[in-house]
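One structure is given below, encoded as structure tokens.
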Amino acid sequence: MLKFLVRRVLGLVFVIIGVTFVTYAMGYLAPGQDPIKALLGQHYTLAAYHNLQVKYGLDKPWEIQYLNFLWNLLHGNFGLSYRYPGQSVNDIILPSIGVSVELGLSAFILALFIGIPTGVAAALQRGKWIDTTLMGTMLFLYAIPAFVFIPFYQVLMDILVAHNLPYLPVSGWEGSIYFKIAPIIILALTNTGYYARITRTVMLEVLGQDFVRTARSKGVSERAVIYIHAFRNAMLPLLSVIGPSLAYLVSGAFVVEDLFNIPGVGYQGINAVFNRDWPVLQATVVILATAVVVMNLVTDILYSIVDPRIRVS
Amino acid sequence: MPHLLEVANLTTEFHTRAGIVKAVNGVNLFIDPGETLGIVGESGSGKSVTALSILRLLPTPPASITGNQILYQNQDILKLNEKQLRALRGGKISMIFQDPMTSLNPVYTVGFQIAESVRLHMNLGRKEAIDRAIDMLDKVGIPSAAKRINSYPHEFSGGMRQRVMIAIALSCNPELLIADEPTTALDVTIQAQILELMKGLTHEFHTAVMLITHDMGVVAGSTQRVVVMYAGSIVESATTTQLFAMPAHQYTKALLRSIPRLDDEDGKRLEPITGQPPDLLHLPKGCPFAARCPKAQQQCKESVPALTEVQPGQFAACFYPF
């Protein structure tokens, strides 16, 4: 087990290094205005230009720039923002991580607690109207993207305001719990549908297995057949889907954060794209990649806890 | 002496898109305490469905059981509620299945799976249940049972897993063990071991056995009485000795003829039964075997022969027995 872990962690380090290289290369090669000129504005002296170039490390050849970038990254320093003079990327990105984690984790838990029981219930009622209704609803949630739900929500709130009815805010995050309700629910919708549909498929497959019949033949109650015998087996395929999806949820819900003006990683990432603020964008991508990679590792570990067959090999 | 189990006019149908599949068609049979009854027949003859119907293990729908009754010690299994049914399953009547590779839950230890049964039916605590599980594992011939109790199914071979299944099935001293082709998926040498083990243990516990198989050799070696099934119906029922000495139904005779014998002369060709069993969606009007039967007459194609006693203790559903 320890050997397995060490090997996996080493592998992950290389994946992350690869990601940093690709993001760095994209930032370096991307067309556009010289960032130093952009910072200085229209009137500047050559000396000022050189000063800044040295400060940002842009006077060095690209391979040295990349190594510097890696070295700083190792020390938890993403460099300086091209857009906001004097601000480090850390100042911009670190507070946003907490916001994204809060949003993503809440949405994840909500999706999990609604999606999985819905999927189990549908599987148990297979072919009946409950199944059809639940799965139809879930397909709807899964198919409709957040950028469609959010305008509908905003219009709905508008109508509530117009009629002097209680309403929820349509923008922002900090301040009160009311700001957080809608973004969390809307972010959870897609995943709820996704988890429910996958859970149903997996449960149906497991419920058709021979060992489920064995359990019934032993006189095990239907409840125990489902939750002890079937569900534990269904968890294996579920884990491999749910683990990585958590990474995407917590490392930046780009659309939801942008449309609700929530200062999370996704919001900063999108701003960075429009501002051509490559260091910030690089930080966003590295955080996203790290989250995916770490969640994959966590999934593998959980896998080996749930499935004894993996534990041995 | 009353029968341990009596199945009266059992009919099990599957409702499919293509129509109603009559998998079991008016089956009557009984088992006495401590006896071993063989049920033989080819694939699709309704053996397994009969067995699964007895414990109501078929998913309904698509299956529906419309039999008169399945009497177990004067209780009609078809009328039991969920709770009573659960007490019966595993406690009074237990079951072993064909494929030991898939019949055990891969994510729990064999100890858990044996003890689970024991705790449900024998009113024992966790510790006693584990002791009982070790005891059973030892009885089915698994070495160092106390250690192996913590092993998972994938750490056992096929034969060993079937031993574990037997341990589960017999752990609560059931009065009837339904073994649905317990050796079909195993190597021939292991088959013999498993059959011997079952014979020994069921004799020791005085458990009646319903042994479902398509292997006449298994029937000859392990059973006292045999029921032969064809296309969802019983075509012959006799003591094992009678059946092999003097099969009455033409299907049984053809079945026995088709088995190669050690004393056959060299180069003798096998004698298969020509044709196919009837489509269970569209059963023929007359005897289901008529189309393949060398002795069939007009009468056979028009009406279904009833199971009648052709000699004391031997019943055949045939107009022209022997």
Side-chain angles (χ1 to χ4, degrees), chain A residues 1 120-132 199-200 202-240 299-313, chain B residues 48 51-52 54-59 61-62 82-110 112-122 150-155 161 164-165 168-169 171-172 174 177-180 185:
Chain A
M1 187 71 198
V120 172
L124 297 180
Q125 300 289 325
R126 179 183 27 186
K128 302 201 181 121
W129 67 267
I130 298 182
D131 176 26
T132 321
T199 305
R200 177 182 181 273
V202 168
M203 271 308 272
L204 279 180
E205 173 160 350
V206 173
L207 283 171
Q209 303 268 326
D210 284 353
F211 60 78
V212 168
R213 188 181 56 189
T214 305
R216 291 203 176 107
S217 83
K218 295 197 304 195
V220 175
S221 70
E222 200 53 32
R223 207 190 175 79
V225 166
I226 292 160
Y227 291 103
I228 295 179
H229 287 273
F231 191 68
R232 177 100 184 252
N233 280 278
M235 269 169 71
L236 297 168
L238 283 184
L239 273 177
S240 58
T299 306
D300 283 343
I301 295 171
L302 287 178
Y303 233 93
S304 73
I305 291 173
V306 178
D307 191 345
R309 285 165 296 188
I310 292 171
R311 228 172 289 167
V312 193
S313 51
Chain B
S48 294
L52 293 170
I54 290 173
L55 277 181
R56 283 170 48 191
L57 282 173
L58 293 166
E82 270 296 314
K83 206 178 157 208
Q84 294 166 314
L85 191 63
R86 286 207 303 271
L88 189 80
R89 288 174 179 168
K92 304 283 183 198
I93 304 179
S94 58
M95 210 163 163
I96 308 175
F97 300 95
Q98 179 171 343
D99 190 355
M101 305 310 274
T102 56
S103 295
L104 292 165
N105 194 327
V107 302
Y108 292 103
T109 62
V110 298
F112 172 86
Q113 296 186 56
I114 305 174
E116 184 182 35
S117 225
V118 174
R119 291 184 67 187
L120 280 169
H121 300 290
M122 294 181 83
N150 294 318
S151 299
Y152 289 89
H154 71 273
E155 297 170 76
R161 288 192 214 182
V164 172
M165 276 302 294
I168 293 174
S171 61
C172 307
L177 172 67
I178 301 177
D180 186 3

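Chain letters run A, B, ... following the sequence lines, proteins first, then strands; residues in each count from 1.
- Of the two parts of B:Met101, neither the backbone nor the side chain holds a non-hydrogen atom closer than 4.5 Å to a non-hydrogen atom of chain A.
- In this structure, chain B has no heavy atom under 4.5 Å from any part of A:Val212.
- In the displayed structure, B:Arg56 atom CZ is contacted under 6.0 Å by more than 12 heavy atoms of other residues, nucleotides or ligands.
- Residue B:Leu57 comes nearest to A:Arg213 through the heavy atom pair CD2-O, 4.3 Å, listed as atom of the first residue, atom of the second, then distance.
- To the nearest 0.5 Å, the span separating CD on B:Glu82 from OG on A:Ser221 amounts to 9.5 Å.
- Annotation: cation-pi pair A:Arg232/B:Tyr108 present, NZ/CZ under 6.0 Å from the ring centroid and within 45° of its normal.
- Counting heavy-atom neighbours within 6.0 Å of A:Glu222 CD, excluding the residue itself, gives a total above 12.
- Looking at B:Ile168, the atoms closer than 4.5 Å to chain A (heavy atoms on both sides) all sit in the side chain, from C-beta outward.
- Side-chain contact, B:Gln113 with A:His229: no donor N or O sits under 3.5 Å from an acceptor N or O.
- No other option in A:Gly127, A:Ser217, A:Ala230, A:Ala215 has as many heavy-atom pairs under 4.5 Å with chain B as A:Ser217.
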Can B:Tyr152 and A:Arg309 be said to form a side chain to side chain contact (heavy atoms under 4.5 Å, CB included), step by step?
CA-CA 8 Å; B:Tyr152 289 89; A:Arg309 285 165 296 188; over 6 Å; no
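- For B:Leu52, the part lying near chain A is the side chain, with the backbone staying farther off; criterion is any non-hydrogen pair under 4.5 Å.
- B:Pro106 and A:Pro308 make their closest contact through O-CG, 3.2 Å (heavy atoms, listed as atom of the first residue, atom of the second, distance).
- Between A:Thr214 and B:Asn105, every side-chain heavy-atom pair lies at or beyond the 4.5 Å cut-off.
- Of the residues B:Glu116, B:Arg89, B:Arg86, the one that meets the side-chain contact (heavy atoms from CB on, under 4.5 Å) test with A:Lys218 is B:Glu116.
- Using a 4.5 Å heavy-atom threshold, the side chains of A:Met235 and B:Val107 count as separate.
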